[in-house]
Chemist: 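Structure provided below as structure tokens; questions to follow.
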Amino acid sequence: MNLITRTRLTLVAIVAGVLMSPPLGLHRACADTDSAKPTAGEAKAFMDSLETELLDLLIASERSEWVKSTNITYDTDMLAARASEAVMAYVSIKADQARRFDGLKLDASLRRKFNLLKLRLSLPAPSDSAKRSELAILATEMSSMYGKGKYCPDGQSGDCLTLGDLSKTLASSRDFDELKEAWVGWRSTTKPMREKFVRFVELANEGAREFGFGDLGDLWKSRYDMPPDEFEKEINRLWEQVQPLYQQLHCYARTQLAKKYGADKVPSGKPIPAHLLGNMWSQDFANIFDLLAPEKDSAFDVTGILQEKKIDERGVVRQAEAFFVSLGLDPLPETFWERSMFTKPRDREVVCHASAWDIDWLDDLRIKMCIEINAEDFTTVHHELGHNYYQRAYKRLSALFADSANDGFHEALGDTIALSVTPAYFVKIGYLDKLPPDSLNPLMRRALDKIAFLPFGLLVDQWRFDVFSGRVSPDQYNAHWWKLRTKYQGIAPPVSRSEKDFDPGAKYHVAANVPYTRYFLATILQFQFHRALCEVAGHEGPLHTCSIYDNKKAGKLLNDMMEMGMEKPWPDAIEALTGQRKMDATAIIDYFQPLLDWLEEQNKDAVCGW
Ligand code: X8Z
Ligand code: ZN
């Protein structure tokens with residue numbers, strides 16, 4: 001395979017060279033006058049040096065990004081913006097120069113790299129250097145604004161609440177008005193982002209058009225080894241498959257919430273008020289399990305177990321690592337433990353939103369999280385380590401192939417492992433003495449996490465696609481957001497919203513420009529992966545009782561798929577693992593079937609839908 005041979009180019013020289021290079025038009029003129037027909041050998045040499053140089057720029061950008069995300073200041077913002085600008089400039093210039101090789105017969109692998117080059121950035125910049133710089137600064141500022149966001153109930157001088165504080169209220173309070181204040185309070189922090197976002201869309205679209213795409217959404221949708229309109233059909237097909245599950249869960253949740261808060265506040269046949277579902281974005285319902293548990297006295301309470309065992313933040317990460325090691329994978333490097341951020345620092349601003357990093361594309365793996373000891377973060381730690389193990393598996397590949405088969409795969413990996421965190425697994429590792437009595441409770445907990453997430457996973461980018469394409473103009477941003485939230489999730493804001501608000505920006509991935517359809521795909525894929533791994537592990541019985549813990553055969557199958565990186569189109573990777581070449585929601589449906597039967601029974605006299 002293509003091992004990266006990294007000549008030690010001096011980084012400073014590349015960055016300076018990129019930022020001082022003449023405007024793109026000039027490059028284009030040079031290319032035009034170069035009438036000699038390029039050869040496949042030249043194309044390969046061009047790509048080899050590009051990958052080496054790109055890697056150095058990406059590493060510099062990752063380091064700046066890490067420093068900024070773990071210590072947000074004006075200066076770290078500017079340094080991070082500068083480093084990402086260098087990457088954007090380099091990719092723009094090289095994508096333009098690469099046009100020389102359009103139409104040239106190249107081997108499939110090299111041609112794939114040329115295609116991937118244009119798709120590499122989630123944020124392509126215009127070639128105009130002033131606009132590029134403006135875009136890089138806007139992007140950095142929006143993500144930092146999100147990281148620093150605070151709601152001060154008594155005005156700016158009083159005690160201010162972070163997203164973490166407000167999320168705790170959303171999770172644990174059962175007081176209608178207290179919940180409403182936390183919900184509205186967080187959204188008050190993102191109003192100033194609106195203006196920046198409008199300009200951001202203009203500039204990012206300009207960049208995408210220069211790369212040959214209709215708009216930024218078109219670029220994002222082109223990353224799945226099929227034409228963008230076909231991809232849209234694929235996600236709609238998957239949504240149709242899973243929508244009935246969501247409908248049933250929504251219906252039952254609404255009935256239970258009406259019992260708790262009153263039918264005047266949660267009317268039947270209407271969308272559910274968004275602040276009652278236990279999560280700041282109503283993206284999952286896990287924190288209202290107590291209101292929805294099928295059996296009142298048979299809980300599988302991960303939070304309680306972790307707290308009782310007095311597991312600390314590092315302990316949680318160690319436990320998750322042990323799962324991966326049980327599959328036959330190597331432990332994480334010592335530097336992971338030295339350099340990661342596991343808890344929220346008291347003395348500085350950070351981006352708490354969890355992330356996994358592969359700083360040097362070799363072995364400098366890290367996570368950044370503000371871990372709380374609870375079930376949600378226990379799952380998230382597995383999620384993040386899944387990223388790190390994936391990154392480690394494909395590190396032998398050259399820069400443009402060093403990624404997951406598609407972005408849904410990256411997001412699915414750690415979640416697949418977390419599906420094996422079952423009551424039986426807890427018994428195996430000594431967290432529980434004996435299996436709790438058989439009950440639907442664990443499956444309901446999982447459904448509140450996974451099934452509840454599906455419409456949200458889909459709609460965030462449906463909104464962005466509509467915004468990027470211009471179908472929705474800035475004066476309709478917020479209204480359109482709520483139209484989709486109601487259409488897909490069946491929820492409504494607890495207070496009236498206007499175009500002075502910018503509620504999409506209250507979600508990290510909008511503020512930080514991270515594509516979101518990946519999580520929808522991941523929610524489908526992880527069950528497909530789980531089903532295939534459980535088969536290899538010889539599991540018998542219902543799918544939701546399977547844990548692949550300690551199964552080396554399953555571990556090898558998973559790792560072999562991860563090692564493929566994105567060298568091949570993703571259907572090859574999914575086939576290697578599951579034998580299927582398509583994403584398929586039958587696995588998630590199989591998994592939840594016992595709960596679905598129960599929900600249908602519970603809902604039989606209710607008016608479902610909204
Ligand atoms: O952003 C994440 C991960 C990091 S890639 C923590 N997730 C989405 C979210 O929090 O909105 C995981 C689930 C969905
Ligand atoms: Zn992730």
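Ligands are counted one by one from 1 in listed order, and the atoms in each one are counted from 1 as well.
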Chemist: For a quick test of reading the model, state the closest non-hydrogen atom pair linking L292 to Y252 and the distance between them.
Modeler: O-CE2, 3.5 Å
Chemist: Can you list the ligand 1 atoms lying under 4.0 Å from a non-hydrogen atom of H383?
Modeler: 3 (C), 4 (C), 5 (S), 12 (C)
Chemist: In terms of atom number and element, which parts of ligand 1 are under 4.0 angstrom from non-hydrogen atoms of Y516?
Modeler: 8 (C), 9 (C), 11 (O), 14 (C)
Chemist: With a 4.0 Å cut-off, would you call R392 and D363 a salt bridge?
Modeler: yes
Chemist: Provide the protein N, O or S atoms situated under 2.8 Å from the Zn ion (ligand 2); waters are not included.
Modeler: H383 NE2, H387 NE2, E411 OE1
Chemist: Residues two or more places apart in sequence or in another chain: which of them pass salt bridge (charged side-chain N to carboxylate O under 4.0 Å, His left out) with K148?
Modeler: none
Chemist: Do R237 and E234 sit within salt-bridge range, that is, some charged N less than 4.0 Å from a carboxylate O?
Modeler: yes
Chemist: Inspect the contact between D584 and R531 and indicate whether a charged nitrogen and a carboxylate oxygen are less than 4.0 angstrom apart.
Modeler: yes
Chemist: Please verify whether a non-hydrogen atom of F456 lies at under 4.0 Å from ligand 1.
Modeler: no
Chemist: How close does the nearest protein non-hydrogen atom get to atom 7 (N) of ligand 1, and which residue and atom is it?
Modeler: Y519 CE2, 3.5 Å
Chemist: Which is it for W281 and ligand 1 at heavy atoms under 4.0 Å: side chain, backbone, both or neither?
Modeler: neither
Chemist: So for ligand 1, is E411 a polar contact partner (N or O within less than 3.5 Å, distance only)?
Modeler: no
Chemist: What atoms in ligand 1 come closer than 4.0 Å to a heavy atom of Q283?
Modeler: 9 (C), 10 (O), 11 (O)
Chemist: Out of all atoms in ligand 1, which are within 4.0 Å of some heavy atom of K507? Include the element for each.
Modeler: 9 (C), 10 (O), 11 (O)
Chemist: What atoms of ligand 1 come closer than 4.0 angstrom to any heavy atom of E384?
Modeler: 3 (C), 4 (C), 6 (C)
Chemist: Between F453 and Y516, what is the ring plane arrangement, given parallel below 30°, perpendicular above 60°, and tilted in between?
Modeler: tilted
Chemist: Which of the numbered atoms in ligand 1 are below 4.0 angstrom from a heavy atom of H387?
Modeler: 5 (S)
Chemist: Got a salt bridge between K556 and D560, using NZ or NE/NH1/NH2 to carboxylate O under 4.0 Å?
Modeler: yes
Chemist: Which ligand 1 atoms, with their elements, are less than 4.0 angstrom from a heavy-atom of A354?
Modeler: 4 (C), 6 (C)
Chemist: Any ion pair linking R366 and E384 (charged N to carboxylate O, less than 4.0 Å)?
Modeler: no
Chemist: Once you measure the plane-to-plane angle for F323 and H382, does it fall in the parallel (<30°), tilted (30-60°) or perpendicular (>60°) bin?
Modeler: perpendicular
Chemist: Counting non-hydrogen protein atoms only, what is the nearest one to atom 10 (O) of ligand 1? Give residue, atom name and distance.
Modeler: H353 CE1, 3.3 Å
Chemist: Return yes if a side-chain donor-acceptor contact under 3.5 Å exists between K221 and T517, otherwise no.
Modeler: no
Chemist: Below 4.0 angstrom, N of the basic side chain to O of the carboxylate: do D461 and R464 qualify?
Modeler: yes
Chemist: Using 4.0 Å as the upper bound for N to carboxylate O, is an ion pair formed by K450 and D415?
Modeler: yes
Chemist: Is there a polar contact, in the sense of an N or O pair closer than 3.5 Å, between H509 and ligand 1?
Modeler: yes
